[in-house]
4 protein chains.
Amino acid sequence: MFLAIDFQSDIPIYIQLKQQIIAGIARGELKEGEELPSVRQLAQDIGINLHTVNKAYNLLKDDGFILMDRRKGALINSLENMADEDFKFRLREEINPLIAQAFCKGMTEEELLLEIGEIYRSYSQGVKR
Amino acid sequence: MFLAIDFQSDIPIYIQLKQQIIAGIARGELKEGEELPSVRQLAQDIGINLHTVNKAYNLLKDDGFILMDRRKGALINSLENMADEDFKFRLREEINPLIAQAFCKGMTEEELLLEIGEIYRSYSQGVKR
Amino acid sequence: MFLAIDFQSDIPIYIQLKQQIIAGIARGELKEGEELPSVRQLAQDIGINLHTVNKAYNLLKDDGFILMDRRKGALINSLENMADEDFKFRLREEINPLIAQAFCKGMTEEELLLEIGEIYRSYSQGVKR
Amino acid sequence: MFLAIDFQSDIPIYIQLKQQIIAGIARGELKEGEELPSVRQLAQDIGINLHTVNKAYNLLKDDGFILMDRRKGALINSLENMADEDFKFRLREEINPLIAQAFCKGMTEEELLLEIGEIYRSYSQGVKR
DNA sequence: GTGGTCTAGACCACG
DNA sequence: GTGGTCTAGACCACT
């Protein structure tokens, strides 16, 4: 799997890393049960510190995307039925300001939903459900 | 207008302030040409630092949501046709990871668009277009 | 408040720190809304690294014992009605092996409950409820 | 006897193993003089490293729960009157932070003792004393 | 001033 | 070999 980290971005590296791995799962490139590289390995590959990778892995673990197995390291978790109310609430909280902005800038509902549907399908096409 | 700042949030106060003001515009509570409180006034009302309010105002100015007038202070700008390609690009960049996450957690496209449409209409209802 | 860290203990420093602060709250020495020292300050006082203090604070935040206020730093949170089912489940998980051990070693239920009641009251005496 | 090891737990496998065996003794499933599986056998059954089982057995031996016999392997020891002052001291040390936490979260003494009594009796019912 | 991020290097516990 | 802990020192964002 290819991880593109932008060192000039104002988004922290460990957040980018987390997002890229989630995107990898969404695209179906990382499948349930698959092992992620060790923190040391990945840190070396990307050219960053192992603590930064570690932080990303821990966030992914806390959010249920991966499991930390004592024998095998980090494993992709099952991605079924995890959209509980708590997740949806946080999603709304995060997405809300973006929608307010889009509305102010004059985007219509149709335009917005079209954009989002496109992004969604860029993921759903790669994965059988 | 009511500004709800969460001092425990991991979102910086000046960003929250910016988002809340945009939401106010989106809800139609702040109309074109209307004056925002002075930096000093707002800082005192909320109980935060001058610089923090200043930063938020400057961001809003940079994004075209307000105009800074030497005599009248900050004025709400017109909200027409500002969704240029650059804005849409940044919107996609920001919304993309959220959608990947929603997809991984098992949300269907319908569910997602329904949620977003609801949020959108919570704004569009208050404003005549 | 006095924090006694045992550097020889096999319990990690940040865990000891977390436990000591919880004990401080339980004894009523740290009251709701009170400010904790900054990570740098406390780290210097105890003679440890600020990252170690930071880790303890973050755990306390995750467990709801403190709030991280953007203006005031770390604040003791309200300690009302936080014993939800999730907490009780984790408590049982952690306490279970200790009880199994006590049972195997021949402690009677009375003996055990007496010990625990004593510890509990060592906390409840200092706080009005 | 059924040993449920959680490879995702933050508790080391050898500690889990120790706890599970003690729980087995407490439930009366493992009786005095009974033989435990050989280190090799158990390691293979659970799918873990030899060293890990070895470590657990050695801890159990140190704590007096089993005897290591050169010919018969590991034998369950008698569980009489082993709750010396040293054990009680360590028990208090370990259980204290949990109680402080429960107190902070608002559990009453009655609630706590009820929970603990329940766990205790889940063991004492299976064993004649 | 604060906490957050990132780096670097060390040691240890675990498997 | 792995991840977990701790240290040390740096820079930056925030208030």
Side-chain angles (χ1 to χ4, degrees), chain A residues 5 7 9-17 35-44 46-59 61 66-75, chain B residues 5 7-17 43 46-56 59, chain C residues 5 7 9-17 35-44 46-59 61 66-74, chain D residues 5 7-17 43 46-56:
Chain A
I5 303 298
F7 295 100
S9 168
D10 54 348
I11 301 171
I13 296 176
Y14 75 95
I15 298 282
Q16 291 187 53
L17 204 45
E35 293 180 27
L36 287 175
S38 76
V39 286
R40 279 180 173 78
Q41 184 65 49
L42 187 53
Q44 198 183 354
I46 306 179
I48 58 176
N49 192 279
L50 82 169
H51 294 116
T52 308
V53 178
N54 203 4
K55 197 163 184 176
Y57 276 19
N58 274 316
L59 280 184
K61 185 191 69 177
I66 66 173
L67 300 169
M68 298 301 256
D69 187 291
R70 290 193 157 268
R71 298 164 305 172
K72 299 175 188 168
L75 304 178
Chain B
I5 303 297
F7 297 109
Q8 273 79 49
S9 168
D10 55 348
I11 300 170
I13 294 175
Y14 77 97
I15 299 279
Q16 291 186 56
L17 203 46
I46 306 180
I48 59 178
N49 196 295
L50 280 179
H51 306 337
T52 309
V53 180
N54 220 333
K55 207 164 185 172
L59 278 184
Chain C
I5 302 298
F7 294 101
S9 167
D10 54 349
I11 300 171
I13 296 176
Y14 75 95
I15 298 280
Q16 291 186 53
L17 204 44
E35 294 180 27
L36 287 175
S38 76
V39 288
R40 279 180 171 79
Q41 185 63 50
L42 187 52
Q44 199 182 354
I46 305 179
I48 59 176
N49 192 278
L50 80 170
H51 294 115
T52 308
V53 178
N54 204 3
K55 195 162 186 177
Y57 276 20
N58 274 315
L59 280 184
K61 185 190 69 178
I66 67 173
L67 300 169
M68 297 301 254
D69 187 292
R70 288 192 158 269
R71 298 164 304 172
K72 300 176 188 166
Chain D
I5 303 297
F7 297 109
Q8 274 79 48
S9 168
D10 55 347
I11 301 170
I13 295 176
Y14 77 96
I15 299 280
Q16 291 187 56
L17 203 46
I46 307 180
I48 58 178
N49 196 296
L50 280 179
H51 305 337
T52 309
V53 179
N54 219 333
K55 207 164 186 173

Measure [atom1]/[X] against [atom2]/[N] and give the value in whole Å, please.
X: A:Gln44; N: E:dA8; atom1: CD; atom2: C1'; value: 14 Å
X: A:Asn49; N: F:dC11; atom1: CG; atom2: C1'; value: 15 Å
X: C:Leu36; N: E:dG3; atom1: CG; atom2: C1'; value: 14 Å
X: D:Ile15; N: E:dG15; atom1: CD1; atom2: P; value: 9 Å
X: C:Glu35; N: E:dG3; atom1: CD; atom2: P; value: 10 Å
X: C:Lys61; N: E:dG3; atom1: NZ; atom2: C1'; value: 10 Å
X: B:Phe7; N: E:dG3; atom1: CZ; atom2: P; value: 17 Å
X: A:Ile5; N: E:dT5; atom1: CD1; atom2: P; value: 15 Å

Review point. Heavy atoms under 4.0 Å, any strand shown: does C:Ile48 hit a base, just sugar-phosphate, or nothing?
Key: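 Sugar-phosphate, no base atom in range.
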Exercise for review: Have a look at B:Ile13 and say if it touches a base, only the backbone sugar-phosphate, or nothing, with a 4.0 Å heavy-atom cut-off.
Suggested key: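 The residue B:Ile13 makes sugar-phosphate contact but no base contact.
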**Study point:** Any donor-acceptor N/O pair under 3.5 Å between F:dG1 base and A:Arg40 side chain
**Key:** no
Review point. Any N or O donor-acceptor pair linking the side chain of A:His51 to the base of F:dG3 at under 3.5 Å?
Key: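 Side chain to base: no pair present.
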Return the minimal non-hydrogen interatomic distance between [X] and [Y], and the atom names on each side.
X: A:Arg70; Y: D:Ser9; value: NE-O, 3.0 Å
X: B:Gln16; Y: B:Ile11; value: NE2-O, 2.8 Å
X: C:Asp69; Y: B:Gln8; value: OD2-NE2, 3.1 Å
X: B:Leu17; Y: B:Thr52; value: CD2-O, 4.5 Å
X: C:Ile66; Y: C:Tyr57; value: CD1-O, 3.4 Å

Output yes when at least one side-chain N/O atom of [X] is less than 4.0 Å from OP1 or OP2 of [N], else no.
X: D:Lys55; N: E:dC14; answer: yes
X: D:Thr52; N: E:dC14; answer: no
X: C:Arg70; N: F:dC14; answer: no
X: A:Tyr14; N: E:dT5; answer: yes
X: C:Asn54; N: E:dG4; answer: yes

Practice item. Specify the residue among D:Pro12 and C:Gly73 whose closest nucleotide of DNA chain E lies further upstream toward the 5′ end. Key: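 On the 5' side of the pair lies C:Gly73.
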Practice item. Hey, which sits more toward the 5' end of DNA chain E by its nearest nucleotide, D:Ile11 or C:Asn58? Key: C:Asn58
Exercise for review: Check whether any side-chain heavy atom of B:Ile46 lies under 4.5 Å from a side-chain heavy atom of B:Phe7, and answer yes or no.
Suggested key: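 Yes, side chains in contact.
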Exercise for review: Start with the C-alpha distance between A:Leu67 and A:Lys61, add both sets of side-chain angles, then the distance that settles side-chain contact (heavy atoms from CB on, under 4.5 Å), and finish with yes or no.
Suggested key: CA-CA 6 Å; A:Leu67 300 169; A:Lys61 185 191 69 177; over 6 Å; no
Review point. Under a cut-off of 3.5 Å for both distances of each Watson-Crick or G-U pair, what dot-bracket string does DNA chain F give, using [ ] for crossing pairs and | for inter-strand pairs?
Key: ||||||||||||||.
**Study point:** Name of the residue among C:Asn58, C:Leu36, C:Val39, C:Ile13 meeting side-chain contact (heavy atoms from CB on, under 4.5 Å) with C:Val53
**Key:**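 Answer to the side-chain contact (heavy atoms from CB on, under 4.5 Å) test with C:Val53 among C:Asn58, C:Leu36, C:Val39, C:Ile13: C:Val39.
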